[in-house]
Amino acid sequence: MRIINFLFLIFLCGSLNAADVFFIPPKDWLLVDPKILSSHVKICFMGNAKEDFRPSMNLAIEEVNVSLNEYVAAVKKIYGSNRDNRFRDLGKIQTNAGEARMTSVDLQTQWGAARLMQLIFVKESKVYILTAGASKEDFSNYAKEFDKAFRSLTYTTDLVSCIPEQSRRETLEKKRITLNSEDFQKYILEEFKDMGAYWQILVLDR
Amino acid sequence: MKKCIAIVLCFFIASSNAAFANESISDHAENTDALYRESTGNGAIDGAFTATSASMIGWGVGLALGIGILAALLHQSKGSSAHN
């Protein structure tokens with residue numbers, strides 16, 4: 001019985017300290033129905049543009065036991081198996097979560113030439129892949145938004161601590177206790193637009 | 001009788017020696033490792049697939065859920081899995 005209690009405590013501590021990774025998507029981008037996402041993809045946002053190939057950003061998570069270099073090499077090998085793909089390792093990039101690697105791949109789709117940039121970040125036996133995609137022709141129009149979103153990638157065990165202002169953090173903790181779930185949801189959606197939709201979703205999911 | 005059992009036992013122990021195995025443990029570990037590494041990278045591929053396919057699928061039904069709706073869906077799925 002003691003062993004069971006001990007194991008339960010370990011599990012609980014692990015759950016309490018479970019890390020979240022989020023990014024701030026470009027402003028006013030739409031949330032894609034999670035039912036249509038691929039298995040490793042946790043969330044996807046799409047631009048509201050009128051192009052046939054709409055720009056998007058998504059975050060995928062994969063459990064791994066390899067280093068960042070090994071993962072990038074594995075991805076390069078997969079893309080390289082198709083001669084039409086052009087893969088490039090763009091090197092290191094600094095994000096809120098830490099140092100990551102940026103890659104780019106140009107590929108042919110049934111809707112035309114597409115460009116994807118994938119930021120790859122490895123931590124605690126998990127790899128986080130933030131993918132930005134658009135048609136090759138329009139990609140440069142979104143470069144600034146993509147770059148800002150990439151650098152906003154954050155790894156945290158406490159979502160509230162990511163709010164820059166202490167007063168807002170304190171108010172949130174108070175509201176969490178005093179408001180009912182519906183009012184708390186409204187509060188998060190209205191007062192924390194700057195933190196991005198994904199952060200809001202993660203907070204409301206807790 | 002005891003001698004027979006001992007001889008049979010020794011035979012089975014000797015025959016299970018790795019030296020007689022078709023594949024050594026290190027070979028097996030290497031093959032397993034290679035198989036594992038071949039599946040590495042699926043997250044990136046899923047991300048790429050979603051980026052290229054969601055754009056067109058999004059024109060249909062299911063695009064642009066509200067955040068509140070998604071949060072409610074997440075709560076519901078957590079609740080049902082907890083019930084299970």
Side-chain angles (χ1 to χ4, degrees), chain A residues 30-41 43-44 46 48 51-66 70-71 74-79 103 105 107 109-111 114 116 118 120 127-135 181 185-186 188-189 197 200-201 203-205, chain B residues 15-84:
Chain A
L30 305 172
L31 188 60
V32 173
D33 186 347
K35 289 176 194 168
I36 69 168
L37 302 179
S38 306
S39 60
H40 288 92
V41 178
I43 200 154
C44 179
M46 192 163 293
N48 211 1
E51 294 98 347
D52 288 339
F53 195 124
R54 294 167 71 165
S56 68
M57 289 195 81
N58 69 75
L59 179 69
I61 303 174
E62 184 182 345
E63 295 206 4
V64 294
N65 196 18
V66 299
E70 286 170 324
Y71 191 84
V75 171
K76 183 180 178 182
K77 191 179 175 187
I78 295 172
Y79 284 128
T103 65
V105 60
L107 39 78
T109 71
Q110 59 195 84
W111 306 288
L116 306 178
Q118 292 188 300
I120 299 170
V127 63
Y128 302 88
I129 308 109
L130 185 52
T131 302
S135 68
S181 58
Q185 185 178 313
K186 279 182 194 169
I188 294 292
L189 294 179
Q200 292 173 313
I201 290 167
V203 167
L204 291 174
D205 188 38
Chain B
S15 66
S16 66
N17 191 302
F20 297 108
N22 290 331
E23 186 185 76
S24 70
I25 290 174
S26 58
D27 285 343
H28 180 70
E30 202 177 301
N31 292 338
T32 308
D33 191 50
L35 188 64
Y36 173 80
R37 286 178 190 278
E38 278 172 11
S39 65
T40 302
N42 286 339
I45 300 309
D46 275 357
F49 179 77
T50 298
T52 52
S53 62
S55 180
M56 298 315 289
I57 296 171
W59 284 109
V61 178
L63 183 65
L65 282 182
I67 294 169
I69 297 170
L70 178 63
L73 281 173
L74 289 170
H75 269 296
Q76 276 181 358
S77 66
K78 270 196 170 179
S80 61
S81 63
H83 176 73
N84 291 336

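Only heavy atoms go into these numbers, but all of them, side chains included; no hydrogens, no water, no symmetry mates.
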Contacting moiety of A:Ser39, where chain B heavy atoms sit under 4.5 Å: both

Proximity breakdown for A:Leu107 and chain B, heavy-atom pairs closer than 4.5 Å: side chain

Interatomic distance, A:Leu31 atom CG to A:Gln200 atom CD [nearest 0.5 angstrom]: 10.5 Å

Shortest non-hydrogen contact between A:Val75 and B:Gly41, atoms and distance: CG2-CA, 4.2 Å

Side chain A:Gln185, main chain A:Leu204, donor-acceptor under 3.5 Å: no

Region of A:Val127 in contact with chain B, defined by heavy-atom distances below 4.5 Å: neither

Inter-residue atom distance A:Met46.CE - A:Arg54.CZ, 0.5 Å rounding: 6.0 Å

Segment of A:Thr131 engaging chain B (4.5 angstrom heavy-atom cut-off): side chain

Close side-chain approach of A:Thr103 to A:Tyr79, heavy-atom, < 4.5 Å: no

Pairs of heavy atoms under 4.5 Å with chain B: top-ranked of A:Asn58, A:Leu37, A:Val203, A:Leu116: A:Asn58

